[in-house]
Amino acid sequence: VWDENAKVVIPPRYEAVGWSNGKFSVDQQVTGYKKDGRWGLIAIHDKVVTPAEFEQLVSTGYGNIIATKKTGSGAYRTGCIDKNGNTIIPFDYDAIKIFGSFAVLTLRNSDGLRYGLSDLSHNIIIRPEWNGIRPLGTSHFAVEDSKGKTGIFSETGEQIHPFTRSEEHTSELQSH
């Protein structure tokens, strides 16, 4: 990797530089590197930030990196780290998606996948017990229950619209 003056800042001694999704970017002065089949964080001036201990590393573009690692039991768990390699969301989840200052957390249990919501400090806003959560703009979330009904929740986890079927929303809109 070269800087704007064509000076090498990360020598070509890694299997790959960038992120495990195949994209290259620098996020808060760090990027990923691959060594011995695993990923770690490296600063742009070739200073290793974390060892190559992750199965996947993907930048969110805002200084938060979604990371997946293999546990002692062989399971893959996903968490979120910052540019210094500090864990900000623990490696307790099957998947995490970042939306602004929120994280949709995915857990697998005997009933299938369950979704919850936290802030980026891992303060749980909506417990991971729902069939789905998707953002509606920046401060509201559509939450699907086990009956396929959707309710609207605020960024504080308060339910602000009751659970209804999507066709009920459509008929409500058409009747007005």
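Below, all heavy atoms of this structure are taken into account, side chains as well, without hydrogens, waters or symmetry copies. All values derive from a computational prediction rather than experimental measurement.
Cluster membership for Leu41 and Val17, using ILVMFWY side-chain heavy atoms within less than 4.5 angstrom, is not shared. Taking hydrophobic clusters as Ile, Leu, Val, Met, Phe, Trp and Tyr residues chained together by side-chain heavy-atom distances below 4.5 Å, Trp130 shares a cluster with Leu113. Linking Ile, Leu, Val, Met, Phe, Trp and Tyr whenever their side-chain heavy atoms come within less than 4.5 Å puts Ile125 and Val104 in one cluster.
Heavy-atom minimum distance, Thr50 versus Gly40: OG1-CA, 3.4 Å. When all heavy atoms of Lys83 and Val30 are compared, the closest pair comes out as O-CG1, 3.6 Å. Nearest heavy atoms, Ser118 versus Ile89: OG-CD1, 4.1 Å.
The distance from the CD1 atom of Ile81 to the CZ atom of Phe91 is 6.0 Å, given to the nearest 0.5 Å. Between the OG1 atom of Thr60 and the CG atom of Asp27 there is a distance of 5.5 Å, given to the nearest 0.5 Å. The line from NE2 of His122 to SG of Cys80 is 10.5 Å long, rounded to the nearest 0.5 Å. A distance of 11.5 Å separates CD1 in Ile65 from OG in Ser20, rounded to the nearest 0.5 Å. Of the inter-residue distances, the one linking Phe102 atom CZ with Leu117 atom CG reads 6.5 Å to the nearest 0.5 angstrom. One distance of note links OG1 of Thr156 with CG of Asp119; it measures 12.0 Å at 0.5 Å rounding.
Between Tyr14 and Asp46 the shortest side-chain heavy-atom distance falls below 4.5 Å. Contact of the Thr106 side chain with the Thr78 side chain is not registered, since no non-hydrogen atoms from C-beta on lie closer than 4.5 Å. When side chains are defined from C-beta on, Ile66 does not count as touching Phe54, because their heavy atoms never get closer than 4.5 Å. The shortest distance between side-chain heavy atoms of Tyr33 and Thr31 does not fall below 4.5 Å. Proximity of Leu105 to Lys97: side-chain heavy atoms (C-beta onward) are nowhere separated by under 4.5 Å. Counting heavy atoms from C-beta on, the side chains of Arg77 and Thr68 never come closer than 4.5 Å.
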Given the rule in the side chain to side chain contact (heavy atoms under 4.5 Å, CB included) test, do Thr164 and Lys149 qualify, once you have shown the distances and angles that lead to the verdict?
-> CA-CA 5 Å; Thr164 56; Lys149 293 183 175 186; 5.7 Å; no
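Screening Arg38, Lys69, Lys70 for a salt bridge (Lys or Arg N to Asp or Glu O under 4.0 Å) with Glu55, the sole residue that qualifies is Arg38.
Between Phe141 and Phe99, the gap from one ring centroid to the other reaches at least 6.0 Å.
For Lys147 and Phe163, the positive end is not near the middle of the six-membered ring at less than 6.0 Å and at most 45° from its axis.
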